[in-house]
Participant: 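The structure under discussion is supplied below as C-alpha cells; questions concerning it will follow.
So that the names make sense, note that chain A is the first sequence line, chain B the second, and so on, each numbered from 1.
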Amino acid sequence: MMKLVTWNVNSIRQRCDHVLDYLAREQPDVLALQEIKCATDLFPADAFRKAGYECTAVGQKSYNGVAMLARQPFTVTHTALPGWETTPPQARYVEIRTGGLVVGNLYLPNGNSGGSAGYDSKLAFMEALALHARGLLQAGQDFVLMGDYNVCPTDEDCAPGALPPTDALVRPESRAAFRRLLWLGLTDALRALHPAGRFYTFWDYQAAAWQRDSGLRIDHALLSPRVAERLLTALPARDERGKPQPSDHVPLAITLADAMA
DNA sequence: ATGACCGGCCCGGCCGGA
C-alpha cells in the first residue's frame, strides 16, 4: 500500500511541529507541501530527515513555495511547471518520481489578486497543467497531480455563502478548466470514493469559519487511469483544523493498493 | 457576516491569502 498526502501548511516554519506530529502518526510515503513561505535554504530539511524523510524544496522568500517529502529515494523530474513562467518567478510546482509514480505537487494561483492579469495567470497555469498531464498520459506514465488547486469544483464543494459567485475559486472559467483536467481521463480521488457530501479541506481564519463549518474543498488529488484503479481511500484530515495554531488547510490523504506485478 | 485572522517582513502597518 502507498499513502500520499497533500497539505498547504501556510508557512513551514510555523507548522514544522504539526508536520512532524503528522508524519509520526500517519507515516505517509509521500507528503506534498504548499505555501512553505520561505527561501529554499530556510526549509527545515534536517528535522524531516531525522524523522526518516528525504526532502526537496522549491522555495521563495515570503510567498508560495512547495516541497516534497518521501520515505523512499526519489528523483526530481521538474522544479517548475513546464509552459508556465512569470516575472519574477513564483515557486508553485515541483515533481518527483518515486515508487513507480510521477507525483506532481502544485500550488495554483488564487486568482483574486492582481486584477484580470492575476486571474488570467491562474487560467494559464491550469492550461499548462492540462498540457503537462496530456504529455504524461501519452507517455504512458502512471501519475498523481496533487496540491492546492484553489478551485471549488462544484457548489457542493463550497459552504453556502462562503464565497461570492464572482470569486476566482468558483468562477465558471475556473470550474471549466478543472473539468478539462477530468476530461483528459484523470480521476478526482475524493469524489471517486465519496460522490456526494461535504469534504472540505480549507476553513478561513476569519469570521469563525471553522466553528460554523464554512469550508471549501480546494485541495485535490487527480489520478491517471491505472492509478485510479488502485485507489483505496481518500479523506481530508479534518481534526488538524481544530488544533492550536493550525494551518487554514488540512491534509488530504489518499492510499493506493500496490501495483500489479 | 470578509466584522471577527494569520504570516512575512523586520517593528509599522501593508500585502497576500481564499
Side-chain angles (χ1 to χ4, degrees), chain A residues 6-19 32-44 57-67 86-93 105-126 129 146-175 177-178 190 198-220 236 238 240-252:
Chain A
T6 175
W7 193 1
N8 178 323
V9 289
N10 187 21
S11 170
I12 191 58
R13 288 175 290 176
Q14 291 298 319
R15 232 64 66 191
C16 194
D17 288 344
H18 294 70
V19 173
L33 301 174
Q34 302 90 38
E35 278 206 273
I36 63 172
K37 286 187 170 177
C38 64
T40 302
D41 59 332
L42 293 177
F43 184 79
V58 178
Q60 176 182 341
K61 189 178 181 179
S62 306
Y63 304 115
N64 310 316
V66 288
T86 60
T87 43
Q90 299 175 49
R92 291 182 178 273
Y93 191 80
N105 171 12
L106 58 117
Y107 175 46
L108 234 141
N110 172 302
N112 281 311
S113 65
S116 61
Y119 187 64
D120 289 347
S121 182
K122 174 178 194 160
L123 294 181
F125 189 107
M126 297 187 81
L129 186 63
M146 65 198 323
D148 179 356
Y149 280 72
N150 269 319
V151 175
C152 290
T154 73
D155 287 346
E156 197 170 20
D157 301 312
C158 180
L163 294 175
T166 53
D167 192 282
L169 278 65
V170 298
R171 277 180 49 178
E173 298 92 332
S174 306
R175 287 177 166 176
F178 187 82
L190 189 287
R198 297 178 179 188
F199 290 87
Y200 303 144
T201 63
F202 167 91
W203 294 261
D204 202 307
Y205 290 124
Q206 298 188 70
W210 169 243
Q211 287 75 11
R212 297 186 293 116
D213 195 25
S214 180
L216 308 172
R217 188 174 77 95
I218 52 177
D219 299 273
H220 309 295
R238 250 185 96 89
E240 285 292 337
R241 188 62 177 80
K243 294 184 175 178
Q245 281 83 51
S247 169
D248 41 5
H249 296 248
V250 298
L252 170 68

Participant: With sugar-phosphate meaning primed atoms plus P, OP1 and OP2, does A/Ala208 contact a base, only sugar-phosphate, or nothing at under 4.0 Å between heavy atoms?
Facilitator: nothing
Participant: Which one is paired to B/dC11, where only Watson-Crick or G-U wobble pairs with both distances under 3.5 angstrom count?
Facilitator: none
Participant: Using the C1' atom as the point on both nucleotides, what is the distance between B/dA1 and B/dC14, in whole Å?
Facilitator: 24 Å
Participant: Which of parallel (below 30°), tilted (30 to 60°) and perpendicular (above 60°) describes A/Trp203 and A/Trp210?
Facilitator: perpendicular
Participant: Any side-chain N or O of A/Arg212 under 4.0 Å from OP1/OP2 of B/dA4?
Facilitator: no
Participant: Can you say whether a donor on the side chain of A/Asn150 sits under 3.5 Å from an acceptor on the base of B/dA18, or the other way round?
Facilitator: no
Participant: For a quick check of understanding: with a heavy-atom distance under 4.0 Å over all strands, which category does A/Tyr107 fall into, base, sugar-phosphate or nothing?
Facilitator: sugar-phosphate
Participant: Tell me whether the side-chain N/O atoms of A/Ser11 come closer than 4.0 Å to OP1 or OP2 in B/dC6.
Facilitator: no
Participant: Could you tell me how far B/dC10 sits from B/dC15 if I compare only their P atoms? Round to whole Å.
Facilitator: 15 Å
Participant: May I ask you to say what A/Asp148 touches in the nucleic acid, namely base, sugar-phosphate or nothing, with a heavy-atom cut-off under 4.0 Å?
Facilitator: sugar-phosphate
Participant: Looking only at side-chain N and O atoms, does A/Gln206 come under 4.0 Å of OP1 or OP2 in B/dG17?
Facilitator: no
Participant: So, A/Arg175 and A/Asp155, do they make that salt bridge, N to O below 4.0 Å?
Facilitator: yes
Participant: Among B/dA18, B/dC5, B/dT2, which nucleotide sits nearest the side chain of A/Tyr205?
Facilitator: B/dC5
Participant: Can you check whether A/Ser62 has a side-chain N or O nearer than 4.0 Å to OP1 or OP2 of B/dC9?
Facilitator: yes
Participant: Indicate, with a heavy-atom threshold strictly under 4.0 Å, whether A/Asp204 touches base, sugar-phosphate, or nothing.
Facilitator: base
Participant: By nearest heavy atom, map A/Ala162 and A/Ile36 onto DNA chain B; which one lands nearer the 5' end?
Facilitator: A/Ala162
Participant: Rounded to the Å, how far apart are A/Arg241 CZ and B/dA18 C1'?
Facilitator: 12 Å
Participant: Would you say a side-chain N or O of A/His249 is under 4.0 Å from OP1 or OP2 of B/dA18?
Facilitator: yes
Participant: Quick one: on DNA chain B, does A/Gln245 or A/Leu216 contact a more 5' nucleotide (nearest heavy atom)?
Facilitator: A/Gln245
Participant: Under 4.0 Å, counting only non-hydrogen atoms across every strand here, what does A/Asn64 touch: a base, just sugar-phosphate, or nothing?
Facilitator: nothing
Participant: Applying the Watson-Crick and G-U wobble criteria at under 3.5 Å, what pairs with B/dC5? Answer none if nothing qualifies.
Facilitator: B/dG17
Participant: Can you see if the side chain of A/Asn10 gets near the phosphate of B/dC5 - specifically, an N or O under 4.0 Å from OP1 or OP2?
Facilitator: no
Participant: Is the phosphate of B/dC9, meaning OP1 or OP2, less than 4.0 Å from a side-chain N or O of A/Arg13?
Facilitator: yes
Participant: What is the distance from NZ of A/Lys61 to C1' of B/dC15, rounded to the nearest Å?
Facilitator: 14 Å
